[in-house]
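Counting starts at 1 for both ligands and their atoms, following the listed order. Fair warning: this is a prediction, and the values are worked out from it, not measured in the lab. Residue numbers run from 1 in the order of the sequence given.
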Amino acid sequence: MKEPRVSSVWQRAGATIFMAMFLWAGGIPFSACAGIQSGSQTSEAHYSGKQGQIIVIKVPTDEASAHVQGKFLGRAVSFFQETRPGEPKGFVGLLGIDMQEEPGTHELAIQITDGEHGRSLSYRVLVLKEQFRVEHLKLPRDKVDLDPQGLARWKGEQEQVKAALAADSPMKLWQPSFVEPVSGKRTGIFGSVRIMNGQARNPHNGEDIGAPLGTDVAATNDGIVRLTVDHIFSGKGVFLDHGLGFYSMYFHLSDVLVKEGDLVRAGQIVGKVGATGRATGPHLHWGVKLNGARVNPYALLDLPFKAEPQSPTVTPPAEPGSAAGAPAQ
Ligand SMILES: [Zn+2]
(Lines give C-alpha, C1' and ligand atoms only; values in the text may rest on other atoms or scores of the structure.)
Protein backbone atom coordinates (compact mmCIF):
# COMPACT_ATOMS: atom_id res chain seq x y z
CA MET A 1 0.00 0.00 0.00
CA LYS A 2 1.38 3.36 -1.08
CA GLU A 3 1.87 5.73 1.84
CA PRO A 4 -0.40 8.75 1.58
CA ARG A 5 1.30 12.13 1.71
CA VAL A 6 -0.73 13.16 4.72
CA SER A 7 0.58 10.31 6.85
CA SER A 8 3.31 12.47 8.38
CA VAL A 9 0.67 14.96 9.46
CA TRP A 10 -1.24 12.16 11.07
CA GLN A 11 1.81 10.69 12.71
CA ARG A 12 2.46 14.07 14.33
CA ALA A 13 -1.15 14.44 15.35
CA GLY A 14 -2.12 13.01 18.69
CA ALA A 15 -5.25 11.19 19.69
CA THR A 16 -6.98 14.42 20.65
CA ILE A 17 -6.52 15.93 17.22
CA PHE A 18 -7.67 12.68 15.66
CA MET A 19 -10.90 12.78 17.67
CA ALA A 20 -11.50 16.39 16.67
CA MET A 21 -11.00 15.54 13.02
CA PHE A 22 -13.18 12.49 13.29
CA LEU A 23 -15.96 14.49 14.85
CA TRP A 24 -15.55 17.20 12.29
CA ALA A 25 -15.73 14.74 9.43
CA GLY A 26 -18.76 13.20 11.04
CA GLY A 27 -20.57 16.21 12.33
CA ILE A 28 -20.11 18.94 9.78
CA PRO A 29 -23.36 20.16 8.26
CA PHE A 30 -24.05 20.04 4.55
CA SER A 31 -23.96 23.79 4.20
CA ALA A 32 -20.34 23.85 5.35
CA CYS A 33 -19.41 20.82 3.27
CA ALA A 34 -20.63 22.38 0.08
CA GLY A 35 -18.13 25.24 0.25
CA ILE A 36 -15.01 23.15 0.74
CA GLN A 37 -12.92 22.29 -2.28
CA SER A 38 -10.00 19.95 -2.28
CA GLY A 39 -8.15 22.33 -4.65
CA SER A 40 -4.54 21.47 -5.30
CA GLN A 41 -4.25 19.22 -2.27
CA THR A 42 -5.01 16.23 -4.41
CA SER A 43 -3.39 13.55 -2.29
CA GLU A 44 -5.25 14.49 0.85
CA ALA A 45 -7.99 12.41 2.32
CA HIS A 46 -11.58 13.62 2.39
CA TYR A 47 -12.34 11.45 5.39
CA SER A 48 -10.32 9.58 7.92
CA GLY A 49 -10.98 7.13 10.70
CA LYS A 50 -9.28 4.51 12.76
CA GLN A 51 -9.69 0.76 12.36
CA GLY A 52 -13.00 -0.28 13.95
CA GLN A 53 -14.56 3.19 13.68
CA ILE A 54 -17.58 4.52 11.77
CA ILE A 55 -17.31 7.47 9.39
CA VAL A 56 -20.38 9.48 8.42
CA ILE A 57 -20.15 10.22 4.69
CA LYS A 58 -22.18 13.05 3.21
CA VAL A 59 -23.11 13.48 -0.43
CA PRO A 60 -24.70 16.87 -1.12
CA THR A 61 -27.12 16.63 -4.04
CA ASP A 62 -30.32 18.37 -5.10
CA GLU A 63 -31.55 15.26 -6.84
CA ALA A 64 -34.23 14.24 -4.37
CA SER A 65 -35.22 11.20 -6.39
CA ALA A 66 -31.64 10.03 -6.81
CA HIS A 67 -30.26 6.70 -5.72
CA VAL A 68 -26.84 6.89 -4.09
CA GLN A 69 -24.65 3.83 -3.70
CA GLY A 70 -21.03 3.52 -2.61
CA LYS A 71 -18.30 0.93 -2.89
CA PHE A 72 -15.36 0.65 -0.50
CA LEU A 73 -12.78 -2.13 -0.78
CA GLY A 74 -15.26 -4.22 -2.76
CA ARG A 75 -18.05 -3.79 -0.21
CA ALA A 76 -21.36 -2.01 -0.85
CA VAL A 77 -22.08 1.12 1.19
CA SER A 78 -25.72 2.24 1.23
CA PHE A 79 -26.82 5.84 1.45
CA PHE A 80 -30.09 7.34 2.64
CA GLN A 81 -31.64 10.73 2.17
CA GLU A 82 -31.08 13.01 5.11
CA THR A 83 -31.86 16.68 4.99
CA ARG A 84 -31.81 18.67 8.17
CA PRO A 85 -33.87 21.84 8.52
CA GLY A 86 -32.19 24.80 6.84
CA GLU A 87 -29.57 22.67 5.08
CA PRO A 88 -29.15 21.74 1.42
CA LYS A 89 -30.50 18.39 0.32
CA GLY A 90 -28.23 15.44 0.53
CA PHE A 91 -27.56 11.81 1.27
CA VAL A 92 -25.73 10.22 4.18
CA GLY A 93 -24.00 6.87 4.46
CA LEU A 94 -22.31 5.11 7.36
CA LEU A 95 -18.93 3.70 6.41
CA GLY A 96 -17.60 0.98 8.68
CA ILE A 97 -13.83 0.62 8.89
CA ASP A 98 -13.07 -3.00 9.65
CA MET A 99 -10.85 -3.56 12.69
CA GLN A 100 -8.31 -5.29 10.43
CA GLU A 101 -8.57 -2.87 7.47
CA GLU A 102 -5.25 -2.12 5.80
CA PRO A 103 -4.03 1.29 7.01
CA GLY A 104 -3.58 3.81 4.19
CA THR A 105 -5.75 5.67 1.72
CA HIS A 106 -8.56 3.75 0.00
CA GLU A 107 -11.16 4.93 -2.49
CA LEU A 108 -14.83 5.22 -1.68
CA ALA A 109 -16.48 5.29 -5.10
CA ILE A 110 -19.97 6.77 -5.17
CA GLN A 111 -22.54 6.41 -7.91
CA ILE A 112 -25.48 8.80 -8.06
CA THR A 113 -28.26 7.79 -10.40
CA ASP A 114 -31.33 9.84 -11.10
CA GLY A 115 -33.52 8.34 -13.78
CA GLU A 116 -31.42 8.19 -16.93
CA HIS A 117 -28.71 10.43 -15.52
CA GLY A 118 -25.78 9.22 -13.55
CA ARG A 119 -22.60 10.66 -12.14
CA SER A 120 -19.86 9.37 -9.95
CA LEU A 121 -17.80 10.82 -7.14
CA SER A 122 -14.59 9.64 -5.60
CA TYR A 123 -13.73 10.17 -1.96
CA ARG A 124 -10.39 9.29 -0.46
CA VAL A 125 -10.64 7.63 2.93
CA LEU A 126 -7.58 7.46 5.13
CA VAL A 127 -7.63 4.42 7.41
CA LEU A 128 -5.51 4.91 10.51
CA LYS A 129 -4.02 2.13 12.56
CA GLU A 130 -5.57 1.53 15.97
CA GLN A 131 -3.39 0.24 18.80
CA PHE A 132 -5.38 -2.76 19.97
CA ARG A 133 -4.49 -4.52 23.17
CA VAL A 134 -3.03 -7.99 23.42
CA GLU A 135 -4.98 -10.28 25.73
CA HIS A 136 -3.72 -13.50 27.23
CA LEU A 137 -6.51 -15.87 28.19
CA LYS A 138 -6.44 -19.25 29.89
CA LEU A 139 -9.46 -21.39 29.14
CA PRO A 140 -10.28 -25.08 29.49
CA ARG A 141 -8.71 -26.90 26.53
CA ASP A 142 -12.05 -28.15 25.20
CA LYS A 143 -13.29 -24.54 24.93
CA VAL A 144 -10.36 -23.58 22.69
CA ASP A 145 -9.33 -26.67 20.76
CA LEU A 146 -12.37 -28.14 19.10
CA ASP A 147 -12.60 -31.85 18.36
CA PRO A 148 -13.56 -32.79 14.75
CA GLN A 149 -17.25 -32.83 15.70
CA GLY A 150 -17.01 -29.39 17.34
CA LEU A 151 -15.05 -28.05 14.38
CA ALA A 152 -17.73 -29.25 11.94
CA ARG A 153 -20.43 -27.68 14.11
CA TRP A 154 -18.52 -24.38 14.29
CA LYS A 155 -18.07 -24.30 10.49
CA GLY A 156 -21.79 -24.92 9.96
CA GLU A 157 -22.63 -22.12 12.38
CA GLN A 158 -20.32 -19.72 10.55
CA GLU A 159 -22.11 -20.55 7.29
CA GLN A 160 -25.52 -20.05 8.92
CA VAL A 161 -24.55 -16.54 10.11
CA LYS A 162 -22.99 -15.64 6.78
CA ALA A 163 -26.12 -16.68 4.89
CA ALA A 164 -28.46 -14.83 7.28
CA LEU A 165 -26.46 -11.60 6.99
CA ALA A 166 -25.68 -11.87 3.27
CA ALA A 167 -28.40 -9.60 1.90
CA ASP A 168 -28.63 -5.97 2.98
CA SER A 169 -32.20 -4.99 3.81
CA PRO A 170 -33.13 -2.18 1.45
CA MET A 171 -34.83 -0.05 4.11
CA LYS A 172 -33.20 1.98 6.84
CA LEU A 173 -34.91 0.91 10.05
CA TRP A 174 -32.83 2.67 12.68
CA GLN A 175 -33.76 6.02 14.20
CA PRO A 176 -31.67 8.79 15.74
CA SER A 177 -30.19 7.91 19.15
CA PHE A 178 -28.65 4.52 19.88
CA VAL A 179 -29.15 2.65 23.15
CA GLU A 180 -26.39 0.97 25.15
CA PRO A 181 -27.82 -2.57 25.52
CA VAL A 182 -26.55 -3.06 29.09
CA SER A 183 -25.00 -0.45 31.30
CA GLY A 184 -22.21 -2.33 33.02
CA LYS A 185 -18.45 -2.49 33.12
CA ARG A 186 -16.94 -2.29 29.64
CA THR A 187 -13.83 -4.32 29.23
CA GLY A 188 -12.52 -2.09 26.43
CA ILE A 189 -11.16 -5.03 24.50
CA PHE A 190 -12.76 -4.50 21.11
CA GLY A 191 -10.22 -5.56 18.49
CA SER A 192 -7.78 -7.00 21.00
CA VAL A 193 -5.43 -9.67 19.75
CA ARG A 194 -6.22 -12.83 21.69
CA ILE A 195 -3.70 -15.38 22.81
CA MET A 196 -5.61 -18.35 24.16
CA ASN A 197 -3.58 -20.92 26.06
CA GLY A 198 -0.49 -19.56 24.31
CA GLN A 199 -1.92 -19.64 20.76
CA ALA A 200 -2.91 -16.59 18.68
CA ARG A 201 -6.62 -16.58 17.82
CA ASN A 202 -9.02 -14.30 15.96
CA PRO A 203 -9.16 -10.76 17.36
CA HIS A 204 -12.08 -9.89 19.61
CA ASN A 205 -14.78 -8.61 17.27
CA GLY A 206 -17.04 -6.89 19.81
CA GLU A 207 -17.11 -5.31 23.22
CA ASP A 208 -17.80 -7.24 26.42
CA ILE A 209 -19.97 -5.66 29.10
CA GLY A 210 -19.94 -7.30 32.51
CA ALA A 211 -23.35 -7.49 34.24
CA PRO A 212 -25.09 -9.87 36.66
CA LEU A 213 -26.76 -12.99 35.32
CA GLY A 214 -30.30 -12.22 34.15
CA THR A 215 -29.76 -8.49 33.49
CA ASP A 216 -31.99 -7.15 30.71
CA VAL A 217 -30.34 -6.76 27.28
CA ALA A 218 -31.88 -4.00 25.14
CA ALA A 219 -31.87 -3.60 21.35
CA THR A 220 -29.57 -0.74 20.41
CA ASN A 221 -32.06 0.52 17.82
CA ASP A 222 -35.11 -0.43 15.78
CA GLY A 223 -34.65 -3.49 13.60
CA ILE A 224 -35.77 -6.96 12.58
CA VAL A 225 -34.61 -10.10 14.39
CA ARG A 226 -32.69 -11.72 11.56
CA LEU A 227 -31.34 -14.75 13.46
CA THR A 228 -31.44 -16.32 16.91
CA VAL A 229 -28.81 -18.97 17.68
CA ASP A 230 -27.31 -21.28 20.27
CA HIS A 231 -23.76 -21.53 18.99
CA ILE A 232 -20.65 -23.24 20.28
CA PHE A 233 -18.70 -20.01 20.91
CA SER A 234 -21.30 -17.24 21.03
CA GLY A 235 -23.83 -19.28 23.04
CA LYS A 236 -27.42 -18.05 22.88
CA GLY A 237 -27.42 -15.02 20.63
CA VAL A 238 -29.57 -12.54 18.76
CA PHE A 239 -28.72 -10.85 15.44
CA LEU A 240 -30.66 -7.66 14.67
CA ASP A 241 -30.89 -6.24 11.15
CA HIS A 242 -31.19 -2.45 11.24
CA GLY A 243 -31.27 -2.13 7.45
CA LEU A 244 -28.81 -0.93 4.78
CA GLY A 245 -26.11 -3.38 5.83
CA PHE A 246 -26.09 -2.53 9.53
CA TYR A 247 -26.36 -5.42 12.04
CA SER A 248 -25.98 -5.64 15.81
CA MET A 249 -25.47 -8.83 17.78
CA TYR A 250 -25.85 -9.91 21.40
CA PHE A 251 -24.10 -13.09 22.63
CA HIS A 252 -23.76 -15.41 25.67
CA LEU A 253 -27.39 -14.74 26.70
CA SER A 254 -29.09 -16.90 29.33
CA ASP A 255 -32.44 -16.33 27.61
CA VAL A 256 -33.54 -15.10 24.20
CA LEU A 257 -36.85 -13.22 24.38
CA VAL A 258 -37.48 -12.57 20.67
CA LYS A 259 -38.16 -14.68 17.59
CA GLU A 260 -36.73 -14.50 14.09
CA GLY A 261 -38.76 -12.03 12.03
CA ASP A 262 -39.86 -9.96 15.06
CA LEU A 263 -39.75 -6.22 14.63
CA VAL A 264 -38.08 -4.67 17.68
CA ARG A 265 -37.84 -1.10 18.90
CA ALA A 266 -34.80 0.67 20.34
CA GLY A 267 -34.55 -0.21 24.02
CA GLN A 268 -36.80 -3.27 23.75
CA ILE A 269 -35.52 -6.22 25.83
CA VAL A 270 -34.30 -8.96 23.49
CA GLY A 271 -32.72 -11.28 26.08
CA LYS A 272 -30.98 -11.68 29.42
CA VAL A 273 -27.28 -11.60 30.29
CA GLY A 274 -25.79 -15.08 30.64
CA ALA A 275 -22.60 -17.06 30.24
CA THR A 276 -23.59 -19.47 27.47
CA GLY A 277 -21.06 -20.54 24.82
CA ARG A 278 -17.39 -19.71 25.37
CA ALA A 279 -17.65 -17.35 28.35
CA THR A 280 -15.80 -17.35 31.63
CA GLY A 281 -18.60 -15.51 33.46
CA PRO A 282 -21.85 -13.62 32.88
CA HIS A 283 -21.39 -10.77 30.40
CA LEU A 284 -22.86 -9.43 27.19
CA HIS A 285 -20.78 -9.62 24.03
CA TRP A 286 -22.07 -6.76 21.90
CA GLY A 287 -20.99 -6.68 18.28
CA VAL A 288 -21.78 -4.54 15.24
CA LYS A 289 -21.26 -5.20 11.56
CA LEU A 290 -21.57 -2.32 9.14
CA ASN A 291 -21.29 -2.93 5.40
CA GLY A 292 -19.37 -6.10 6.22
CA ALA A 293 -16.90 -4.37 8.54
CA ARG A 294 -16.49 -5.32 12.19
CA VAL A 295 -16.72 -2.02 14.06
CA ASN A 296 -16.64 -1.00 17.70
CA PRO A 297 -20.30 -1.00 18.85
CA TYR A 298 -19.64 1.97 21.10
CA ALA A 299 -18.93 4.04 17.97
CA LEU A 300 -22.73 4.01 17.49
CA LEU A 301 -23.27 6.04 20.64
CA ASP A 302 -20.98 8.77 19.29
CA LEU A 303 -22.75 9.13 15.94
CA PRO A 304 -24.17 12.59 15.25
CA PHE A 305 -27.70 11.22 15.04
CA LYS A 306 -29.52 12.26 18.18
CA ALA A 307 -33.19 12.70 18.92
CA GLU A 308 -32.57 16.32 19.94
CA PRO A 309 -31.42 18.74 17.21
CA GLN A 310 -27.71 19.47 17.60
CA SER A 311 -25.91 22.77 17.55
CA PRO A 312 -24.65 23.38 14.01
CA THR A 313 -21.51 25.20 15.19
CA VAL A 314 -18.61 22.87 14.54
CA THR A 315 -15.15 24.38 14.19
CA PRO A 316 -12.98 22.82 11.49
CA PRO A 317 -9.47 21.84 12.58
CA ALA A 318 -6.67 24.29 11.78
CA GLU A 319 -4.35 21.64 10.33
CA PRO A 320 -4.70 21.46 6.56
CA GLY A 321 -4.83 18.11 4.88
CA SER A 322 -7.18 16.57 7.35
CA ALA A 323 -10.68 15.30 6.82
CA ALA A 324 -12.76 17.46 4.51
CA GLY A 325 -16.31 17.02 3.47
CA ALA A 326 -16.27 17.76 -0.23
CA PRO A 327 -16.14 15.18 -2.96
CA ALA A 328 -13.44 15.37 -5.63
CA GLN A 329 -15.54 16.14 -8.65
ZN1 LIG B 1 -16.73 -10.98 23.68
The Zn ion (ligand 1) reached by His285 (N, O or S, under 2.8 Å) | yes
Specify whether an N/O/S atom of His252 falls short of 2.8 Å from the Zn ion (ligand 1).
-> no
Going by atom types only, do Arg119 and Gln111 share a side-chain donor-acceptor pair under 3.5 Å?
-> no
Measure up the His283 and His252 rings against each other and bin them: parallel (under 30°), tilted (30 to 60°), perpendicular (over 60°).
-> tilted
Can you name the N, O or S atom of His204 that is closest to the Zn ion (ligand 1)?
-> NE2
Asp208 near the Zn ion (ligand 1) via N/O/S, less than 2.8 Å = yes
Residues His242 and Ser248: side-chain donor-acceptor under 3.5 angstrom = yes
Neighbour count >12 (heavy atoms, 6.0 Å) for atom NZ, Lys289 | no
